[in-house]
Novice: 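One structure follows; several queries about it will come next.
Just so you know, these numbers come straight off a predicted model, no measurement behind them. All values below come from the heavy atoms of this structure, side chains included, with hydrogens, waters and symmetry mates left out.
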Amino acid sequence: MKTPPRKVEGVLNFIDKFESIVRTWPKDEKRPLTQISEITGVPLPYVVNILSDILDNCPDVHDLISFKEAERTLHLLKQRMRSEIEAKKVQIEVQKQKSEQAYLTTLSKINKLQKDGNWYSAYRTLSYFAGIHKKKLSRETQIHLCNEILRLGIKANANFQELAQWLKKGIELSMATANAIEEALDFIDAYGEHFLEEKTGKGSKFIRFLLYQLKMTAITPESSEKLLQVTSDLNIQVSELSL
C-alpha cells in the first residue's frame with residue numbers, strides 16, 4: 001500500500017528512531033509496544049498501525065514483540081520506503097551544503113566585526129547562526145563553531161551560563177570523534193582558565209566537574225597523559241577531582 005505524502009515524514013522519523021532502538025535490543029528480550037511508543041515519541045495508535053501493516057498478525061496495544069519481529073519490521077519498512085529514504089538523504093545533504101556555505105559567509109561578517117573590535121556583536125551573530133543551523137552542519141564544523149563562539153564570547157565578556165553551555169556542547173561533540181577524550185580536553189585546555197577566574201566560583205566548580213567526568217573515561221595511556229597535562233596547565237591536581 002502506497003504511503004500518502006502527508007504521512008511520509010512521520011514514517012521516516014519513526015524508522016530513524018525505531019532503528020536506534022533495534023540496534024540496542026537484546027536478542028532474547030520482548031518489548032511492549034507502549035515502550036516503543038514512549039522511546040520514539042510516536043503515539044501508540046500510530047505505532048500499532050505501522051506494525052500492523054508489516055507484521056503477519058495484527059498486534060494489540062498490550063502485545064510484546066521480539067527482537068526478530070522488530071528487526072524484520074525495520075527491514076521491511078526500510079525496503080518499502082527505500083526511495084523516500086534516499087530522497088530524504090539527498091535533501092539533508094543539500095541542506096548541509098547550504099548551511100556550510102552560510103557558515104563561511106557568516107565568518108566573513110564575523111571577521112569584519114572583529115577588525116572593528118565589535119566583539120559582542122560578533123559573538124551574538126555567531127551564536128544566533130548556531131541556533132538556526134547547528135543541526136545541519138557537520139560535526140567538524142559544529143566543533144569549530146563552538147570554538148569560535150567561546151573565543152568571541154570570552155572577548156565579549158559574555159555571561160558564564162551561556163559560555164558554559166557552549167563549552168559543554170563542544171565537549172559532547174568531541175566525545176563522538178576518534179580521539180574523543182583528547183579533543184574534549186583540548187576545549188578545557190583552551191578555555192578552562194577563563195572559567196577558573198569566574199568570580200563566584202561557579203566556573204571553577206564547572207571545570208572541575210567536566211574534568212572529573214573525563215577522568216572517569218580517560219583509560220588509555222594517551223588520554224591519561226593528556227589529562228595530566230591539562231590539569232597541570234590549569235594548576236589542578238587530578239587527585240582533587242571528585243563529585
Side-chain angles (χ1 to χ4, degrees), residues 1-27 30-61 63-109 125-146 148-149 169-170 172-178 180:
M1 182 175 68
K2 184 69 175 174
T3 306
R6 64 188 177 85
K7 292 185 179 180
V8 167
E9 191 62 30
V11 176
L12 294 180
N13 288 337
F14 174 80
I15 290 173
D16 285 342
K17 294 173 182 176
F18 189 53
E19 185 168 18
S20 67
I21 296 174
V22 173
R23 284 200 203 102
T24 59
W25 192 312
K27 293 185 178 181
K30 289 189 175 184
R31 290 185 172 179
L33 300 188
T34 51
Q35 187 181 66
I36 294 171
S37 170
E38 183 179 347
I39 295 174
T40 60
V42 175
L44 184 57
Y46 189 70
V47 172
V48 173
N49 284 340
I50 292 177
L51 299 188
S52 296
D53 199 28
I54 296 294
L55 297 174
D56 297 329
N57 54 334
C58 182
D60 183 77
V61 293
D63 282 351
L64 302 174
I65 66 170
S66 66
F67 167 76
K68 284 188 176 181
E69 288 175 313
E71 191 177 44
R72 176 171 172 266
T73 298
L74 177 64
H75 173 73
L76 292 175
L77 273 171
K78 290 176 74 173
Q79 193 175 51
R80 176 178 296 182
M81 302 292 291
R82 184 170 59 249
S83 61
E84 290 84 356
I85 290 172
E86 289 303 315
K88 185 178 180 180
K89 285 180 181 178
V90 171
Q91 183 184 31
I92 290 172
E93 186 57 34
V94 169
Q95 289 175 342
K96 186 177 290 185
Q97 290 176 6
K98 286 182 178 178
S99 292
E100 295 283 345
Q101 185 57 51
Y103 182 50
L104 295 177
T105 302
T106 301
L107 286 181
S108 297
K109 296 177 183 177
T125 298
L126 205 53
S127 298
Y128 178 74
F129 173 87
I132 297 175
H133 293 275
K134 61 184 178 184
K135 292 183 178 179
K136 300 173 186 175
L137 297 168
S138 68
R139 182 180 291 115
E140 292 75 16
T141 300
Q142 288 186 61
I143 290 174
H144 184 266
L145 183 57
C146 286
E148 285 298 291
I149 290 173
K169 180 66 176 176
E172 287 173 352
L173 288 165
S174 297
M175 293 303 287
T177 61

Novice: Can you find a heavy atom in the side chain of K89 that is under 4.5 Å from one in the side chain of E93?
Specialist: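 Not touching, per the 4.5 Å side-chain cut-off.
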Novice: Which atoms form the tightest heavy-atom contact between E100 and S138, and what is the distance?
Specialist: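 Closest heavy-atom pair between E100 and S138: OE2-N, 2.9 Å.
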Novice: Taking only Lys NZ, Arg NE, NH1 and NH2, and the carboxylate oxygens of Asp or Glu, determine whether R72 and E69 approach each other closer than 4.0 Å.
Specialist: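 Salt bridge flag = no for E69 with R72.
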Novice: Could you tell me whether the side chain of S37 and the main chain of V42 form a donor-acceptor pair under 3.5 Å?
Specialist: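 Yes, because the side chain of S37 sits within donor-acceptor range (under 3.5 Å) of the backbone of V42.
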Novice: Which distance, rounded to the nearest 0.5 Å, do you find between the OG of S127 and the CD1 of I149?
Specialist: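 Nearest 0.5 Å value for the OG-CD1 distance: 4.5 Å.
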Novice: Check whether K17 reaches the backbone of T40 with its side chain - one donor and one acceptor, N or O, closer than 3.5 Å.
Specialist: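 Flag set: sc K17 to bb T40 pair under 3.5 Å.
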Novice: Taking all atoms of both residues into account, what is the closest heavy-atom pair of C146 and K169, and its distance?
Specialist: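 Residues C146 and K169, closest heavy atoms: SG-CG, 3.8 Å.
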Novice: Is it true that, when you exclude E38 itself, more than 12 heavy atoms of the residues, nucleotides or ligands shown sit nearer than 6.0 Å to its CD?
Specialist: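 Open: at most 12 neighbouring heavy atoms sit under 6.0 Å from CD of E38.
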Novice: Output the distance between atom OG1 (T73) and atom CZ (F18), rounded to the nearest 0.5 Å.
Specialist: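 Reported to 0.5 Å precision, the distance equals 5.5 Å.
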Novice: Can Q35 and I21 be said to form a side-chain contact (heavy atoms from CB on, under 4.5 Å), step by step?
Specialist: CA-CA 10 Å; Q35 187 181 66; I21 296 174; over 6 Å; no
Novice: Can you tell me how far CE of M81 sits from CG of L77, rounded to the nearest 0.5 angstrom?
Specialist: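 The CE atom of M81 is 8.0 Å from CG of L77, to the nearest 0.5 Å.
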Novice: Might you work through the side-chain contact (heavy atoms from CB on, under 4.5 Å) test for Y128 and T106, ending with a clear yes or no?
Specialist: CA-CA 11 Å; Y128 178 74; T106 301; over 6 Å; no
Novice: Could you walk me through whether Y46 and V11 pass the side-chain contact (heavy atoms from CB on, under 4.5 Å) check?
Specialist: CA-CA 9 Å; Y46 189 70; V11 176; 3.3 Å; yes
Novice: Can you confirm whether Q79 sits close enough to L76 that some side-chain heavy atom of one is under 4.5 Å from a side-chain heavy atom of the other?
Specialist: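 Touching, per the 4.5 Å side-chain cut-off.
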Novice: Kindly give the heavy-atom pair with the smallest separation between L12 and K88, and that separation in Å.
Specialist: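 Minimum heavy-atom contact is CD1-CD, 3.8 Å.
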Novice: Nearest 0.5 angstrom please: L107 CG to E148 CD, how far?
Specialist: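 Going from CG on L107 over to CD on E148, the span is 6.5 Å.
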Novice: Is there a donor-acceptor contact under 3.5 Å from the side chain of Y103 to the main chain of F129?
Specialist: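 Absent.
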Novice: In terms of side-chain geometry, is the basic nitrogen of K78 or D16 positioned less than 4.0 Å from the acidic oxygen of its partner?
Specialist: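 No, K78 and D16 are not salt-bridged.
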Novice: Which atoms form the tightest heavy-atom contact between E84 and R80, and what is the distance?
Specialist: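 For E84 versus R80, the nearest heavy atoms are OE1-O, 4.0 Å.
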Novice: To the nearest 0.5 Å, what is the distance between OG on S99 and CD1 on I92?
Specialist: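 Reported to 0.5 Å precision, the distance equals 11.5 Å.
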Novice: Could you walk me through whether I36 and I65 pass the side-chain contact (heavy atoms from CB on, under 4.5 Å) test, one step at a time?
Specialist: CA-CA 10 Å; I36 294 171; I65 66 170; 3.7 Å; yes
Novice: Can you sort out the partners of K27 under salt bridge (charged side-chain N to carboxylate O under 4.0 Å, His left out), two or more places apart, ordered by chain and number?
Specialist: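 Not a single residue meets the salt bridge (charged side-chain N to carboxylate O under 4.0 Å, His left out) criterion with K27.
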Novice: Nearest 0.5 Å please: distance from the CG atom of L173 over to the CD1 atom of I143.
Specialist: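 One finds 5.5 Å between CG of L173 and CD1 of I143.
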